[in-house]
Chemist: 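First the structure, then my questions, so here it is.
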4 protein chains.
Amino acid sequence: MNIQVNIVLGSDVPIYRQIVEQVKHAVATGALSEGDTLPSIRALANRLVVNHNTVAKAYNLLVQDGIARSEKGRGLFITAPRNLYSQEELRRRFDEAADRFVGDVLMLGFKKSEIVAAIQSRLAEVTILKD
Amino acid sequence: MNIQVNIVLGSDVPIYRQIVEQVKHAVATGALSEGDTLPSIRALANRLVVNHNTVAKAYNLLVQDGIARSEKGRGLFITAPRNLYSQEELRRRFDEAADRFVGDVLMLGFKKSEIVAAIQSRLAEVTILKD
Amino acid sequence: MNIQVNIVLGSDVPIYRQIVEQVKHAVATGALSEGDTLPSIRALANRLVVNHNTVAKAYNLLVQDGIARSEKGRGLFITAPRNLYSQEELRRRFDEAADRFVGDVLMLGFKKSEIVAAIQSRLAEVTILKD
Amino acid sequence: MNIQVNIVLGSDVPIYRQIVEQVKHAVATGALSEGDTLPSIRALANRLVVNHNTVAKAYNLLVQDGIARSEKGRGLFITAPRNLYSQEELRRRFDEAADRFVGDVLMLGFKKSEIVAAIQSRLAEVTILKD
DNA sequence: GTGGTCTAGACCACG
DNA sequence: GTGGTCTAGACCACT
């Protein structure tokens, strides 16, 4: 299975993080699974028209996070999932994300049910998470 | 009604954004409402032990978002809500926030029901939004 | 296309607003268009002999008004125009500006035809507005 | 003839300037003419719910500008019109106001004809200016 | 190199 | 007292 990475330049999310997140997302949805290969650094950098250091940084993070492993001269391969952070760290990140989301959305005037529905519909696409 | 702002120094969330979020939250929960005054820039800066420019920046953002109005020499006051942004812009900001949240939370391993519940519990405190 | 920003020090118009107005004017006349880059914060600050925070403040306002977008580590870029504000907000801002202008000009003794002509001649340079 | 002064607290125009402008405007439209009397400082301050120093400052400016004269113990009286500024100063103020107005309105998306019409309709109310 | 955040401290205008 | 503007200079994250 291959992966289609797209980036948004004007976002406040750094490019390298967008790449990381999309690979993670692909793994989460099953679009990528163990043993699948990622595009080469230069190929992806070329296609996204970004500096190849940026792609390299993203790939390094994927390796550090245990999501991919690099094999010299062959490329990067998706690894089997494993736990990355401590429970505390997970909870801290989760709460921070939730706080930020609610804070961002608070003054936009949407109904609570719309807000919840928007999250639910996005989560519906995800296969890696339990209900 | 008054507001009690607290910040965490050394967080990866900028100080000025912590202030903004807390004021927004206070407005959203009804703890602050139209006509209420915010602590003076220098008084709050003093109490939080941050530079007054940092507080000023936070307050500026509140003014730009139509949440507060500033009166030179008098202070900052919470304003009545008004339709500042267009429908498209509201939707754009909403989608951006939702996408970001789901992306941030994806790999943390929480159950979908937990994620939704976390949002719902935060929204439960909010009084300015319809169900 | 590039932009040539000039400021008048010691004016009663704040430096950051002079910068904002000139960029807006350049966009309005078509001298700057989507995708064009603004001078880097520090480069412009250097050339204008002002503090880089002052330029940063000006650029921030441009971003908040949807005129430019910032990309960390890359620079600031002119964005495509979009409907940022609601109709009510546009009208409110328009009326405020018009009231202010007429109030400012009232006691200066110019003829009505001169006042209208001055506005028309300035608008003649603008390419982004319909007649 | 009496004058009805109203102020807007949340405006970026200082209160004392609002008072000055409204008196000027009243003179300009003929609502006030030579010999008419202004409300006492304390009476006006009371009615507007502002500090009496603010009203005093406004009245001082009116006297300095030659629009009113104070008679001890009797009050302030409107004087005959006379020129206040040099030609250069008048032109400078005029251009600054016009530049600011056009700058403020540029990105709001109104048609040029609407902009001109808005100014013309506001000027139509003014009686002090020649066509 | 780029932009983003923050501090320390100054001066001004307004009430 | 209040908020607004600006400087000088620091450190950080991103490309």
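Below, chains carry the letters A, B, ... as their sequence lines are ordered, and counting in each starts from 1.
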Chemist: Anything under 4.0 Å to a heavy atom of chain C counts; send over the first and last such nucleotide of DNA chain E, read 5' to 3'.
Modeler: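 In short, chain C contacts DNA chain E from E/dG1 to E/dC6.
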Chemist: Applying side chain to side chain contact (heavy atoms under 4.5 Å, CB included), name anything that partners B/Glu34, two or more places apart in sequence or on another chain.
Modeler: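 Result, side chain to side chain contact (heavy atoms under 4.5 Å, CB included) vs B/Glu34: B/Ala80.
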Chemist: Testing the basics here: between C/Ser70 and C/Val63, what is the closest heavy-atom pair and its distance to 0.1 Å?
Modeler: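 Shortest heavy-atom separation between C/Ser70 and C/Val63 comes out as N-CG2, 4.2 Å.
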Chemist: Using five base pairs at each end to define the local axes, how bent is the helix from E/dG1-F/dC14 to E/dC14-F/dG1, to the nearest 10°?
Modeler: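 What I find for the helix from E/dG1-F/dC14 to E/dC14-F/dG1 is an axis angle of 10°.
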Chemist: The criterion is side chain to side chain contact (heavy atoms under 4.5 Å, CB included); which residues satisfy it with D/Asp95, sequence neighbours excluded?
Modeler: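 If we apply the side chain to side chain contact (heavy atoms under 4.5 Å, CB included) test to D/Asp95, skipping adjacent residues, the hits are C/Arg122, D/Arg91.
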Chemist: Looking at residues at least two apart in the chain, or sitting in another chain, which of them share a side chain to side chain donor-acceptor pair (under 3.5 Å) with B/His25?
Modeler: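 B/His25 satisfies side chain to side chain donor-acceptor pair (under 3.5 Å) with B/Glu125 once adjacent residues are dropped.
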Chemist: For B/Lys72 and for B/Pro14, locate the closest nucleotide of DNA chain E by heavy-atom distance; then report the residue assigned to the nucleotide nearer the 5' terminus.
Modeler: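 Nearest nucleotide further toward 5': that of B/Pro14.
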Chemist: Quick one, which residues of residues 41-52 of chain B touch DNA chain E with a heavy atom under 4.0 Å?
Modeler: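 The stretch gives B/Arg42, B/Val50, B/Asn51, B/His52 as the residues lying under 4.0 Å from the strand, ordered by number.
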Chemist: So which of residues 53-61 of chain A are in contact with DNA chain F, with a heavy-atom cut-off of under 4.0 Å?
Modeler: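 The stretch gives A/Thr54, A/Lys57 as the residues lying under 4.0 Å from the strand, ordered by number.
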Chemist: Please report the shortest heavy-atom distance between C/Gln64 and C/Leu84, naming the atom on each side.
Modeler: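 In this case the closest contact between C/Gln64 and C/Leu84 is O-CD2, 3.4 Å.
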Chemist: I'd like a table of donor-acceptor pairs (distance under 3.5 Å, sequence neighbours excluded) in which one partner is a side-chain atom from residues 9-18 of chain C, with atom names and distances.
Modeler:
| residue | atom | partner | partner atom | Å |
| --- | --- | --- | --- | --- |
| C/Ser11 | OG | C/Val13 | N | 2.8 |
| C/Arg17 | NH2 | C/Glu21 | OE2 | 2.9 |
| C/Gln18 | OE1 | C/Val8 | N | 2.7 |
| C/Gln18 | NE2 | C/Val8 | O | 2.9 |
| C/Gln18 | NE2 | C/Val13 | O | 2.9 |

Chemist: For B/Asn53, what residues pass the side chain to side chain donor-acceptor pair (under 3.5 Å) criterion, not counting sequence neighbours?
Modeler: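 Once residues adjacent in sequence are excluded, the partners of B/Asn53 under the side chain to side chain donor-acceptor pair (under 3.5 Å) criterion are B/Asn51.
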Chemist: Are B/Asp65 and B/Lys24 ion-paired here, with the side-chain N under 4.0 Å from a carboxylate O?
Modeler: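 Judged by the 4.0 Å cut-off on N to carboxylate O distance, B/Asp65 and B/Lys24 do form a salt bridge.
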Chemist: Check the angle between the aromatic planes of B/Phe94 and A/Phe101 and answer parallel, tilted or perpendicular using the 30° and 60° thresholds.
Modeler: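 If you compare the ring of B/Phe94 with that of A/Phe101, the planes turn out tilted.
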Chemist: Residues of residues 4-12 of chain B with any non-hydrogen atom less than 4.0 angstrom from an atom of DNA chain F: list those, numerically ordered, please.
Modeler: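 Within this stretch, nothing sits under 4.0 Å of the strand.
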Chemist: Using side chain to side chain contact (heavy atoms under 4.5 Å, CB included) as the criterion, list what pairs up with C/Asn83, not counting sequence neighbours.
Modeler: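 Residues passing side chain to side chain contact (heavy atoms under 4.5 Å, CB included) with C/Asn83: B/Ser86, B/Glu88.
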Chemist: Passes salt bridge (charged side-chain N to carboxylate O under 4.0 Å, His left out), A/Arg92 versus A/Glu96? Steps please.
Modeler: CA-CA 6 Å; A/Arg92 202 189 57 75; A/Glu96 190 173 301; 3.2 Å; yes
Chemist: Distance check needed: F/dC14 P versus A/Ile15 CD1, whole Å only.
Modeler: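 The distance from CD1 of A/Ile15 to P of F/dC14 comes to 11 Å, rounded to the nearest Å.
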Chemist: Would you confirm whether B/Thr37, through its side chain, and B/Leu76, through its main-chain N or O, come within 3.5 Å as a donor-acceptor pair?
Modeler: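 Side chain of B/Thr37 to backbone of B/Leu76: no pair is present.
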Chemist: Kindly write out the residues that satisfy side chain to side chain contact (heavy atoms under 4.5 Å, CB included) with C/Ala26, not counting sequence neighbours, or none if the list is empty.
Modeler: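 Once residues adjacent in sequence are excluded, the partners of C/Ala26 under the side chain to side chain contact (heavy atoms under 4.5 Å, CB included) criterion are C/Ile3, C/Ala31, C/Leu32.
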Chemist: Compare every heavy atom of B/Pro39 with every heavy atom of B/Leu44, then report the nearest pair and how far apart it is.
Modeler: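 Of all heavy-atom pairs spanning B/Leu44 and B/Pro39, the closest is CB-CB, 4.1 Å.
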Chemist: Between C/Glu89 and C/Arg93 (salt bridge meaning N to carboxylate O under 4.0 Å), is one present in this structure?
Modeler: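 Yes, C/Glu89 and C/Arg93 are salt-bridged.
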